[in-house]
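Please read the structure below before turning to the comments.
In each ligand, atom 1 is the first atom listed, and ligand 1 is the first ligand listed. Because the structure is predicted, anything quoted here is derived from the model rather than measured.
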Amino acid sequence: MQDTRISFEFFPPKTEKGREKLKRVRKELNKLQPEFFSVTYGAGGSTRDNTLGIVKGMLKEKLPTAPHLSFGGDSEDSMLELINIYKDMGVNRIVALRGDRPSGMGGPSKQLVYANELVEFIRKHTGDHFQLEVAAYPEVHPEAPGYVQDIRYLKGKFDAGANSALTQYFFNTDAYFYFIDECAKEGIDQPIYPGIMPITNFVNLARFSDACGAEIPRWIRKKLDSYGDNVEAIAAFGEEFISRFCEKLLAGGAPGLHFYTMNNLEPTTTIVNNIRSN
Ligand code: FAD
């Protein structure tokens, strides 16, 4: 497990306090020697400057940093400008996404640019400069026309030049292993890294999961429910369960792990240490 690839995802904090906290968190998490840290990009480009600012700060600290990127409502010119800024800053990895419309935007709006088109755009303008990560959905993207089609669209992202994929989070190892087998049948041989969501708060997790189509198994819902607002008990269960879950994924052949840290040091640190000590 020591040399298994791990990566950590952050979102750009909106407050000075949040930014200070993130500085401390990334300094500590860097001791775990991740392959890279990624920084999310708001739907519709709403946090474009926030993402850029955080990425700049992280590069100054010599941290391997991968901005997430999506067209949102941007023109090709402004997208290219941003990609070139990243290139000039020394970024060599991008997480290329379609993104979602910001909530509340409403009304008819421009068709979002699919991730395969963004990958193609980046390759067209910058060749092989960037390592490109894309998103994958072992439990199917909520808007996908179907299971098989969603895998074909993932294949389209690899055919356009993506190097590897990071998955939406899930809590069922079978969903991942079946997905990997189906991807292989479709001709996908690039690595697909499971996205790992630590469990710390039932209400937030349930809300998030409903929105992104990740299933929380009934027994986990019931278990978390039974703890009520005993956050220590939820944290202890979450750490134990997610550590074992990660071990099963790695033992079954997962090439590494991508952690949704939610900008927190814990429980990600404990989970990584748990799996590395076995
Ligand atoms: P796509 O791969 O473009 O797929 C979108 C939908 O369209 C799917 O249903 C797919 O089946 C279908 N589809 C794909 N290609 C085609 C095509 N060519 N023709 C027709 N249909 C097609 N969101 C953010 O806003 N900011 C972030 O920073 C962010 N980071 C993420 C990181 C990870 C690891 C993951 C897994 C998700 C992240 N998301 C983020 C969420 C993501 O943007 C949403 O799930 C979004 O709805 C889909 O993005 P995508 O890149 O997977 O889209």
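- Of the N or O atoms in Ala144, one or more lie within a sub-3.5 Å distance of an N or O in ligand 1.
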For residues 115-126, dump all side-chain donor-acceptor pairs below 3.5 Å to protein atoms at least two apart in sequence or in another chain.
residue, atom, partner, partner atom, Å
Glu117, OE1, Tyr114, N, 2.9
Arg123, NE, Gly161, O, 3.0
Arg123, NH1, Gly127, O, 3.1
Arg123, NH1, Phe130, O, 2.8
Arg123, NH2, Phe130, O, 3.2
Arg123, NH2, Gly161, O, 2.8
Arg123, NH2, Asn163, OD1, 2.9
Thr126, OG1, Ile122, O, 2.6

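- When the side chains of ILVMFWY residues are joined at heavy-atom separations under 4.5 Å, either directly or via intervening members, Leu249 and Phe259 end up in a single hydrophobic cluster.
- When non-hydrogen atoms are compared, ligand 1 lies under 4.0 Å from the side chain of Tyr153 (C-beta onward) but not from its backbone.
- Under 4.0 Å is where a charged nitrogen must lie from a carboxylate oxygen, and between Glu240 and Lys223 no such pair does.
- Of all the atoms in ligand 1, the ones that sit under 4.0 Å from a non-hydrogen atom of Tyr137 are 37 (C), 42 (C), 44 (C), 45 (O), 48 (C), 49 (O), 50 (P), 52 (O).
- Close contacts of ligand 1 with Leu97, meaning ligand atoms under 4.0 Å from a residue heavy atom, involve 27 (C), 28 (O), 29 (C), 30 (N), 31 (C), 38 (C), 40 (C), 51 (O).
- Residue contacts with ligand 1 for Arg98 involve both N, CA, C or O and side-chain atoms from C-beta outward (heavy atoms, distance under 4.0 Å).
- Ranked by closest heavy atom to atom 22 (C) of ligand 1, the top entry among Tyr169, Tyr41, Tyr114 is Tyr114.
- Under the side-chain contact (heavy atoms from CB on, under 4.5 Å) criterion, Leu59 pairs with Val55, Thr65, Met89, Val91, not counting sequence neighbours.
- Less than 4.0 angstrom separates some heavy atom of Ala135 from each of these atoms of ligand 1: 35 (C), 36 (C), 52 (O).
- For Gln149, no heavy-atom contact with ligand 1 is shorter than 4.0 Å.
- Ligand-side atoms of ligand 1 in range of Lys157: 1 (P), 2 (O), 50 (P), 51 (O), 52 (O), range being under 4.0 angstrom from any heavy atom.
- Under 4.0 Å from ligand 1, the heavy atoms of Tyr260 that appear belong solely to its side chain.
- In summary, Arg93 and Glu133 engage in a salt bridge, as defined by a charged side-chain N under 4.0 Å from a carboxylate O.
- Some N or O of Asp150 is nearer than 3.5 Å to an N or O of ligand 1, by distance alone.
- For atom 46 (C) of ligand 1, the choice among Thr40, Asp100, Val39 with the nearest heavy atom turns out to be Asp100.
- The cationic atom of Arg26 (NZ for Lys, CZ for Arg) does not lie both less than 6.0 Å from the six-membered ring centre of Phe37 and within 45° of the ring axis.
- Salt-bridge annotation for Lys17 and Glu20: absent, with no side-chain N of the basic residue lying under 4.0 Å from a carboxylate O of the acidic one.
- Around the CZ atom of Phe237, the shell of radius 6.0 Å holds more than 12 heavy atoms that belong to other residues, nucleotides or ligands.
- Considering backbone and side-chain N/O atoms, Thr167 never comes within less than 3.5 Å of an N/O atom of ligand 1.
- When only interatomic distances are considered, the shortest N/O to N/O separation between Gln168 and ligand 1 does not fall below 3.5 Å.
- Within a 6.0 Å sphere centred on CG of Asp229, other residues, nucleotides and ligands contribute 12 heavy atoms or fewer.
- Considering backbone and side-chain N/O atoms, Leu166 never comes within less than 3.5 Å of an N/O atom of ligand 1.
- Of the polar atoms of Gly99, at least one N or O is found under 3.5 Å from an N or O of ligand 1, judged by distance alone.
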Where do Phe11 and Tyr260 land on the ring pair (Phe, Tyr, Trp, His ring centres under 6.0 Å) test, with the steps shown first?
CA-CA 9 Å; Phe11 59 85; Tyr260 295 102; over 10 Å; no
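- For the 3.5 Å distance criterion, the side chains of Asn204 and Arg207 qualify, holding a donor opposite an acceptor.
- Note on ligand 1: Asn116 sits in its first shell, one or more heavy atoms being nearer than 4.0 Å.
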